[in-house]
Amino acid sequence: MNPADLAECRAMLAGGSRSFRVASLLLPRRVAVPATALYAFCRVADDLIDREGGGVAAVRALEARLDAICAGRPGPCAADRAFAVVVARHAIPRALPAALIEGLAWDAGGRRYATLAELEDYGARVAGSVGAMMALIMGARAPEAVARATDLGVAMQLTNIARDVGEDARAGRVYLPMDWLQEAGLEPAGLTRFSPALGGVVARLLRAADDHYLRAEAGIALLPADCRPGIAAARLIYAEIGRALERQGCDSVTRRAVVPGRRKARLLVASAVLGYRALPREAPVLAANRFLVDAVRAGPQVAPGLPWWALGQRIVRTAELLASLDARERRRA
(Lines give C-alpha, C1' and ligand atoms only; values in the text may rest on other atoms or scores of the structure.)
Protein backbone atom coordinates (compact mmCIF):
# COMPACT_ATOMS: atom_id res chain seq x y z
CA MET A 1 0.00 0.00 0.00
CA ASN A 2 1.33 3.43 -0.94
CA PRO A 3 2.62 5.20 2.23
CA ALA A 4 1.15 8.55 1.14
CA ASP A 5 -2.27 6.98 0.59
CA LEU A 6 -2.09 5.28 3.99
CA ALA A 7 -1.11 8.57 5.67
CA GLU A 8 -4.17 10.27 4.17
CA CYS A 9 -6.40 7.42 5.35
CA ARG A 10 -4.93 7.70 8.85
CA ALA A 11 -5.72 11.42 8.87
CA MET A 12 -9.38 10.54 8.23
CA LEU A 13 -9.31 8.06 11.11
CA ALA A 14 -7.72 10.60 13.48
CA GLY A 15 -10.65 12.95 12.92
CA GLY A 16 -13.31 10.26 13.16
CA SER A 17 -14.46 7.67 15.68
CA ARG A 18 -12.48 7.87 18.93
CA SER A 19 -13.75 4.47 20.09
CA PHE A 20 -12.67 2.87 16.81
CA ARG A 21 -9.27 4.51 17.09
CA VAL A 22 -8.71 3.22 20.62
CA ALA A 23 -9.79 -0.33 19.78
CA SER A 24 -7.68 -0.36 16.60
CA LEU A 25 -4.53 0.21 18.66
CA LEU A 26 -4.94 -3.31 20.05
CA LEU A 27 -5.07 -4.84 16.58
CA PRO A 28 -1.93 -6.20 14.91
CA ARG A 29 -0.47 -4.02 12.19
CA ARG A 30 -1.46 -6.56 9.53
CA VAL A 31 -5.10 -5.78 10.43
CA ALA A 32 -4.89 -2.16 11.61
CA VAL A 33 -3.43 -0.94 8.29
CA PRO A 34 -6.12 -2.38 5.98
CA ALA A 35 -8.80 -1.52 8.56
CA THR A 36 -7.69 2.11 8.29
CA ALA A 37 -8.09 1.97 4.51
CA LEU A 38 -11.53 0.39 4.91
CA TYR A 39 -12.58 3.11 7.35
CA ALA A 40 -11.36 5.80 4.96
CA PHE A 41 -13.36 4.37 2.06
CA CYS A 42 -16.47 4.25 4.27
CA ARG A 43 -15.96 7.92 5.16
CA VAL A 44 -15.49 8.94 1.53
CA ALA A 45 -18.57 6.99 0.45
CA ASP A 46 -20.66 8.46 3.27
CA ASP A 47 -19.55 12.01 2.47
CA LEU A 48 -20.27 11.60 -1.25
CA ILE A 49 -23.73 10.09 -0.80
CA ASP A 50 -24.66 12.61 1.91
CA ARG A 51 -23.41 15.58 -0.08
CA GLU A 52 -25.41 14.57 -3.15
CA GLY A 53 -28.54 13.71 -1.16
CA GLY A 54 -28.46 10.01 -1.96
CA GLY A 55 -29.69 10.59 -5.51
CA VAL A 56 -29.43 8.01 -8.27
CA ALA A 57 -26.52 9.84 -9.90
CA ALA A 58 -24.49 9.84 -6.68
CA VAL A 59 -25.12 6.15 -6.05
CA ARG A 60 -24.19 5.23 -9.62
CA ALA A 61 -21.01 7.32 -9.41
CA LEU A 62 -19.99 5.55 -6.23
CA GLU A 63 -20.86 2.14 -7.70
CA ALA A 64 -18.67 2.97 -10.72
CA ARG A 65 -15.82 3.81 -8.36
CA LEU A 66 -16.37 0.50 -6.60
CA ASP A 67 -16.28 -1.34 -9.94
CA ALA A 68 -12.92 0.29 -10.68
CA ILE A 69 -11.65 -0.64 -7.23
CA CYS A 70 -12.69 -4.28 -7.61
CA ALA A 71 -11.09 -4.38 -11.07
CA GLY A 72 -7.81 -3.11 -9.67
CA ARG A 73 -8.07 0.23 -11.47
CA PRO A 74 -8.99 2.71 -8.72
CA GLY A 75 -9.35 6.42 -9.38
CA PRO A 76 -7.09 9.17 -8.05
CA CYS A 77 -8.60 9.27 -4.54
CA ALA A 78 -6.17 7.97 -1.90
CA ALA A 79 -8.93 6.07 -0.10
CA ASP A 80 -9.94 4.34 -3.35
CA ARG A 81 -6.36 3.29 -4.09
CA ALA A 82 -5.77 2.02 -0.56
CA PHE A 83 -9.08 0.16 -0.47
CA ALA A 84 -8.33 -1.47 -3.84
CA VAL A 85 -5.24 -3.04 -2.28
CA VAL A 86 -7.36 -4.33 0.62
CA VAL A 87 -10.05 -5.77 -1.67
CA ALA A 88 -7.48 -7.64 -3.77
CA ARG A 89 -5.31 -8.84 -0.91
CA HIS A 90 -8.18 -10.11 1.25
CA ALA A 91 -10.54 -11.31 -1.50
CA ILE A 92 -13.43 -9.11 -0.39
CA PRO A 93 -16.57 -9.83 -2.45
CA ARG A 94 -18.02 -6.79 -4.19
CA ALA A 95 -21.38 -7.50 -2.52
CA LEU A 96 -20.06 -6.33 0.86
CA PRO A 97 -19.03 -2.74 -0.02
CA ALA A 98 -22.02 -2.60 -2.40
CA ALA A 99 -24.30 -3.30 0.57
CA LEU A 100 -22.67 -0.41 2.42
CA ILE A 101 -23.38 1.92 -0.49
CA GLU A 102 -27.00 0.79 -0.58
CA GLY A 103 -27.40 1.50 3.13
CA LEU A 104 -25.85 4.94 2.78
CA ALA A 105 -28.32 5.72 0.00
CA TRP A 106 -31.19 4.66 2.29
CA ASP A 107 -29.73 6.95 4.93
CA ALA A 108 -29.39 10.00 2.70
CA GLY A 109 -32.87 9.44 1.31
CA GLY A 110 -34.41 9.76 4.77
CA ARG A 111 -35.78 6.23 4.78
CA ARG A 112 -37.73 5.22 7.89
CA TYR A 113 -38.17 1.77 9.36
CA ALA A 114 -41.53 0.32 10.35
CA THR A 115 -40.14 -2.46 12.56
CA LEU A 116 -36.98 -3.57 14.31
CA ALA A 117 -36.44 -6.14 11.55
CA GLU A 118 -36.41 -3.35 8.95
CA LEU A 119 -34.00 -1.36 11.09
CA GLU A 120 -31.75 -4.44 11.27
CA ASP A 121 -31.85 -4.56 7.45
CA TYR A 122 -30.42 -1.03 7.48
CA GLY A 123 -27.86 -1.92 10.16
CA ALA A 124 -26.73 -4.94 8.16
CA ARG A 125 -25.91 -2.70 5.22
CA VAL A 126 -24.16 0.21 6.90
CA ALA A 127 -22.44 -1.75 9.69
CA GLY A 128 -22.88 -5.50 9.28
CA SER A 129 -21.11 -5.21 5.92
CA VAL A 130 -18.17 -3.52 7.62
CA GLY A 131 -18.08 -6.27 10.25
CA ALA A 132 -17.93 -8.89 7.50
CA MET A 133 -15.10 -7.05 5.73
CA MET A 134 -13.19 -6.76 8.99
CA ALA A 135 -13.54 -10.52 9.53
CA LEU A 136 -12.01 -11.14 6.11
CA ILE A 137 -9.19 -8.71 6.79
CA MET A 138 -8.42 -10.62 10.00
CA GLY A 139 -8.43 -13.91 8.08
CA ALA A 140 -11.65 -15.28 9.59
CA ARG A 141 -13.72 -16.50 6.64
CA ALA A 142 -15.74 -19.31 8.24
CA PRO A 143 -19.50 -18.63 7.99
CA GLU A 144 -19.95 -18.69 11.79
CA ALA A 145 -17.16 -16.14 12.30
CA VAL A 146 -18.57 -13.84 9.59
CA ALA A 147 -22.09 -14.17 11.03
CA ARG A 148 -20.90 -13.10 14.47
CA ALA A 149 -18.91 -10.20 12.98
CA THR A 150 -22.06 -8.95 11.25
CA ASP A 151 -23.90 -9.25 14.58
CA LEU A 152 -21.34 -6.94 16.14
CA GLY A 153 -21.77 -4.41 13.35
CA VAL A 154 -25.56 -4.34 13.79
CA ALA A 155 -25.20 -4.07 17.57
CA MET A 156 -22.91 -1.05 17.21
CA GLN A 157 -25.29 0.61 14.76
CA LEU A 158 -28.25 0.18 17.12
CA THR A 159 -26.13 1.73 19.90
CA ASN A 160 -25.30 4.67 17.65
CA ILE A 161 -28.98 5.19 16.86
CA ALA A 162 -29.95 5.08 20.54
CA ARG A 163 -27.22 7.58 21.43
CA ASP A 164 -28.07 10.05 18.65
CA VAL A 165 -31.88 10.25 18.77
CA GLY A 166 -32.01 13.99 19.46
CA GLU A 167 -29.23 14.90 17.05
CA ASP A 168 -30.82 12.88 14.27
CA ALA A 169 -34.29 14.28 14.96
CA ARG A 170 -33.01 17.85 14.78
CA ALA A 171 -31.54 16.97 11.38
CA GLY A 172 -34.89 15.55 10.26
CA ARG A 173 -33.84 11.90 10.56
CA VAL A 174 -35.74 9.22 12.45
CA TYR A 175 -34.36 5.71 12.87
CA LEU A 176 -36.40 4.36 15.79
CA PRO A 177 -38.92 1.71 14.65
CA MET A 178 -42.21 3.37 13.76
CA ASP A 179 -44.28 0.67 15.45
CA TRP A 180 -42.41 1.24 18.74
CA LEU A 181 -43.10 4.97 18.53
CA GLN A 182 -46.76 4.35 17.85
CA GLU A 183 -47.03 1.98 20.82
CA ALA A 184 -45.43 4.65 23.03
CA GLY A 185 -47.80 7.35 21.75
CA LEU A 186 -44.99 9.31 20.09
CA GLU A 187 -44.88 11.16 16.79
CA PRO A 188 -41.63 11.40 14.76
CA ALA A 189 -41.89 15.20 14.86
CA GLY A 190 -41.76 15.10 18.67
CA LEU A 191 -38.40 13.39 19.03
CA THR A 192 -36.58 16.69 19.56
CA ARG A 193 -38.07 16.77 23.08
CA PHE A 194 -37.21 14.16 25.67
CA SER A 195 -39.99 12.38 27.56
CA PRO A 196 -40.21 9.26 29.73
CA ALA A 197 -42.01 7.56 26.85
CA LEU A 198 -39.13 8.30 24.51
CA GLY A 199 -36.69 7.09 27.15
CA GLY A 200 -38.58 3.80 27.20
CA VAL A 201 -38.18 3.39 23.45
CA VAL A 202 -34.45 4.13 23.70
CA ALA A 203 -34.12 1.57 26.51
CA ARG A 204 -35.90 -0.97 24.33
CA LEU A 205 -33.44 -0.36 21.49
CA LEU A 206 -30.50 -0.77 23.87
CA ARG A 207 -31.87 -4.15 24.93
CA ALA A 208 -32.03 -5.17 21.28
CA ALA A 209 -28.42 -4.02 20.83
CA ASP A 210 -27.39 -6.07 23.87
CA ASP A 211 -28.91 -9.18 22.30
CA HIS A 212 -26.67 -8.68 19.28
CA TYR A 213 -23.60 -8.00 21.45
CA LEU A 214 -24.16 -11.34 23.18
CA ARG A 215 -24.41 -13.12 19.84
CA ALA A 216 -21.27 -11.36 18.62
CA GLU A 217 -19.28 -12.22 21.75
CA ALA A 218 -19.40 -15.91 20.88
CA GLY A 219 -17.46 -15.18 17.69
CA ILE A 220 -14.43 -13.60 19.33
CA ALA A 221 -12.84 -16.99 20.00
CA LEU A 222 -13.21 -17.78 16.28
CA LEU A 223 -10.81 -14.96 15.38
CA PRO A 224 -7.04 -15.25 15.10
CA ALA A 225 -5.50 -14.92 18.56
CA ASP A 226 -3.79 -11.62 17.80
CA CYS A 227 -7.12 -10.00 16.86
CA ARG A 228 -9.24 -11.02 19.83
CA PRO A 229 -8.26 -8.27 22.32
CA GLY A 230 -8.95 -5.47 19.83
CA ILE A 231 -12.35 -6.79 18.79
CA ALA A 232 -13.26 -7.58 22.40
CA ALA A 233 -12.34 -3.97 23.27
CA ALA A 234 -14.58 -2.63 20.50
CA ARG A 235 -17.45 -4.81 21.72
CA LEU A 236 -17.07 -3.71 25.37
CA ILE A 237 -16.49 -0.01 24.70
CA TYR A 238 -19.44 0.32 22.34
CA ALA A 239 -21.77 -1.58 24.66
CA GLU A 240 -20.65 0.74 27.46
CA ILE A 241 -22.10 3.67 25.52
CA GLY A 242 -25.46 2.04 26.20
CA ARG A 243 -24.68 1.77 29.91
CA ALA A 244 -23.70 5.45 30.01
CA LEU A 245 -26.98 6.30 28.27
CA GLU A 246 -28.92 4.27 30.82
CA ARG A 247 -27.21 6.14 33.66
CA GLN A 248 -28.59 9.40 32.26
CA GLY A 249 -32.13 8.04 32.10
CA CYS A 250 -31.92 7.06 28.41
CA ASP A 251 -32.05 10.75 27.53
CA SER A 252 -30.25 11.05 24.21
CA VAL A 253 -32.00 14.29 23.29
CA THR A 254 -30.62 16.83 25.74
CA ARG A 255 -27.33 15.00 26.46
CA ARG A 256 -24.84 12.86 24.56
CA ALA A 257 -23.63 9.70 26.26
CA VAL A 258 -19.84 9.31 26.37
CA VAL A 259 -17.47 6.77 27.89
CA PRO A 260 -14.70 8.51 29.90
CA GLY A 261 -11.10 7.61 29.15
CA ARG A 262 -10.60 6.01 32.56
CA ARG A 263 -13.57 3.73 32.01
CA LYS A 264 -12.23 2.78 28.58
CA ALA A 265 -8.92 1.87 30.20
CA ARG A 266 -10.68 -0.55 32.56
CA LEU A 267 -12.59 -2.06 29.65
CA LEU A 268 -9.34 -2.59 27.77
CA VAL A 269 -8.12 -4.73 30.65
CA ALA A 270 -11.39 -6.67 30.58
CA SER A 271 -11.04 -7.13 26.82
CA ALA A 272 -7.87 -9.17 27.30
CA VAL A 273 -9.88 -11.63 29.41
CA LEU A 274 -12.91 -11.68 27.11
CA GLY A 275 -10.70 -12.30 24.10
CA TYR A 276 -9.67 -15.68 25.47
CA ARG A 277 -12.72 -16.61 27.54
CA ALA A 278 -15.52 -16.54 24.99
CA LEU A 279 -16.33 -19.92 23.46
CA PRO A 280 -18.07 -20.32 20.11
CA ARG A 281 -21.75 -21.12 20.38
CA GLU A 282 -23.98 -21.97 17.48
CA ALA A 283 -26.65 -19.40 16.64
CA PRO A 284 -28.70 -18.94 13.49
CA VAL A 285 -27.59 -16.20 11.15
CA LEU A 286 -29.64 -13.04 11.64
CA ALA A 287 -32.07 -12.79 8.73
CA ALA A 288 -30.86 -9.28 7.89
CA ASN A 289 -27.24 -10.46 7.70
CA ARG A 290 -27.77 -13.68 5.75
CA PHE A 291 -26.95 -12.19 2.34
CA LEU A 292 -23.60 -10.94 3.68
CA VAL A 293 -22.62 -14.37 5.03
CA ASP A 294 -23.74 -16.00 1.78
CA ALA A 295 -21.65 -13.56 -0.27
CA VAL A 296 -18.52 -14.53 1.65
CA ARG A 297 -19.32 -18.23 1.43
CA ALA A 298 -19.73 -17.97 -2.35
CA GLY A 299 -16.57 -15.92 -2.81
CA PRO A 300 -12.94 -17.02 -3.12
CA GLN A 301 -11.27 -18.50 -0.06
CA VAL A 302 -7.78 -17.38 0.93
CA ALA A 303 -5.44 -18.81 3.53
CA PRO A 304 -5.21 -16.51 6.57
CA GLY A 305 -1.85 -15.43 7.91
CA LEU A 306 -1.54 -15.39 11.70
CA PRO A 307 1.60 -13.51 12.77
CA TRP A 308 1.75 -12.54 16.46
CA TRP A 309 2.56 -8.96 17.39
CA ALA A 310 3.62 -7.76 20.82
CA LEU A 311 0.34 -7.22 22.68
CA GLY A 312 2.18 -5.63 25.60
CA GLN A 313 3.49 -2.80 23.41
CA ARG A 314 0.01 -2.16 22.00
CA ILE A 315 -1.50 -2.02 25.51
CA VAL A 316 1.12 0.54 26.61
CA ARG A 317 0.50 2.66 23.51
CA THR A 318 -3.25 2.48 24.05
CA ALA A 319 -2.93 3.39 27.72
CA GLU A 320 -0.90 6.47 26.78
CA LEU A 321 -3.58 7.57 24.32
CA LEU A 322 -6.34 7.04 26.90
CA ALA A 323 -4.43 9.09 29.46
CA SER A 324 -4.12 11.92 26.94
CA LEU A 325 -7.84 11.77 26.03
CA ASP A 326 -8.82 11.66 29.71
CA ALA A 327 -6.71 14.74 30.47
CA ARG A 328 -8.33 16.54 27.56
CA GLU A 329 -11.82 15.65 28.86
CA ARG A 330 -10.94 16.97 32.33
CA ARG A 331 -9.69 20.26 30.85
CA ARG A 332 -12.93 20.64 28.90
CA ALA A 333 -14.97 19.92 32.03
Side-chain angles (χ1 to χ4, degrees), residues 12-13 15-24 35 38-39 42-43 45-47 49-50 99-100 102-108 110-113 116-134 149-177 180-181 188 191-192 194 198-199 201-216 231 233-248 250-259 263-264 267 286 288-289:
M12 295 181 190
L13 174 59
S17 170
R18 184 178 297 178
S19 295
F20 178 86
R21 184 184 176 196
V22 169
S24 70
L38 169 59
Y39 179 89
C42 293
R43 283 286 305 275
D46 190 14
D47 290 346
I49 292 289
D50 192 51
L100 169 68
E102 182 182 24
L104 294 177
W106 289 7
D107 201 11
R111 186 165 180 161
R112 294 183 179 180
Y113 306 97
L116 176 62
E118 289 189 7
L119 184 59
E120 289 170 339
D121 286 338
Y122 165 70
R125 283 158 176 78
V126 297
S129 62
V130 178
M133 286 187 277
M134 281 295 298
T150 58
D151 284 333
L152 182 57
V154 172
M156 290 177 168
Q157 188 61 34
L158 295 183
T159 297
N160 283 339
I161 291 169
R163 180 194 60 194
D164 297 337
V165 169
E167 180 181 335
D168 288 332
R170 287 187 286 272
R173 294 176 174 175
V174 177
Y175 295 98
L176 297 174
W180 290 9
L181 295 178
L191 300 187
T192 56
F194 179 72
L198 179 55
V201 175
V202 171
R204 189 175 179 181
L205 187 60
L206 291 176
R207 289 194 295 272
D210 287 341
D211 288 342
H212 291 296
Y213 283 122
L214 288 175
R215 290 166 57 95
I231 300 306
R235 177 256 185 269
L236 292 174
I237 290 173
Y238 250 86
E240 184 63 20
I241 294 173
R243 308 292 78 78
L245 185 49
E246 289 169 347
R247 286 192 289 273
Q248 62 189 44
C250 290
D251 178 2
S252 53
V253 176
T254 64
R255 301 170 63 187
R256 181 179 174 86
V258 297
V259 181
R263 177 58 180 160
K264 286 181 181 177
L267 292 173
L286 184 71
N289 289 330

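Residue numbers start at 1 and run along the sequence shown.
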Looking only at non-hydrogen atoms, find the nearest pair between [X] and [Y] and report the distance.
X      : Y      : value
Arg235 : Met156 : N-CE, 4.3 Å
Ala257 : Ile241 : CB-O, 3.9 Å
Tyr175 : Arg173 : OH-CD, 3.6 Å
Ala288 : Ala124 : O-CB, 3.3 Å
Val165 : Ala162 : CG2-O, 3.6 Å

Would Gln157 and Tyr122 count as a side-chain contact (heavy atoms from CB on, under 4.5 Å) if you check the C-alpha gap in whole Å, the side-chain angles of each, and the deciding distance to 0.1 Å?
-> CA-CA 9 Å; Gln157 188 61 34; Tyr122 165 70; 3.8 Å; yes
Inspect the contact between Arg247 and Glu240 and indicate whether a charged nitrogen and a carboxylate oxygen are less than 4.0 angstrom apart.
-> yes
Under the criterion side chain to side chain contact (heavy atoms under 4.5 Å, CB included), which of [options] is the partner of [X]?
X      : options                : value
Cys250 : Leu205, Leu206, Val201 : Leu206
Arg112 : Val174, Leu119, Leu176 : Val174
Val154 : Thr150, Leu158, Asp151 : Leu158

Go through the structure and list residues passing salt bridge (charged side-chain N to carboxylate O under 4.0 Å, His left out) with Glu118, not counting sequence neighbours.
->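 Applying salt bridge (charged side-chain N to carboxylate O under 4.0 Å, His left out) to Glu118 gives none.
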Determine, step by step, whether Asp164 and Arg256 satisfy the side-chain contact (heavy atoms from CB on, under 4.5 Å) criterion, reporting the C-alpha distance in whole Å, the side-chain angles of both residues, the deciding distance to 0.1 Å, and the verdict.
-> CA-CA 7 Å; Asp164 297 337; Arg256 181 179 174 86; 2.8 Å; yes
With rounding to the nearest 0.5 angstrom, report the [atom1] to [atom2] distance, [X] to [Y].
X      : Y      : atom1 : atom2 : result
Ser129 : Leu100 : OG    : CG    : 4.5 Å
Cys42  : Asp47  : SG    : CG    : 11.0 Å
Leu191 : Asp168 : CG    : CG    : 10.0 Å

Donor-acceptor contact present, side-chain [X] to main-chain [Y], <3.5 Å:
X      : Y      : value
Arg204 : Trp180 : no
Arg125 : Asp121 : yes
Arg170 : Val253 : yes

Does the side chain of Leu286 reach to within under 4.5 Å of the side chain of His212, using non-hydrogen atoms?
->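 SC-SC contact between Leu286 and His212 confirmed.
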Pairwise side-chain contact, Val130 with Tyr39, heavy-atom cut-off 4.5 Å (strictly under) | no
Tyr238 and Asn160: side-chain contact (heavy atoms from CB on, under 4.5 Å), yes or no, with the steps?
-> CA-CA 9 Å; Tyr238 250 86; Asn160 283 339; 3.3 Å; yes
Decide yes or no on side-chain contact (heavy atoms from CB on, under 4.5 Å) for Gln248 and Thr254, but give the supporting numbers first.
-> CA-CA 10 Å; Gln248 62 189 44; Thr254 64; over 6 Å; no
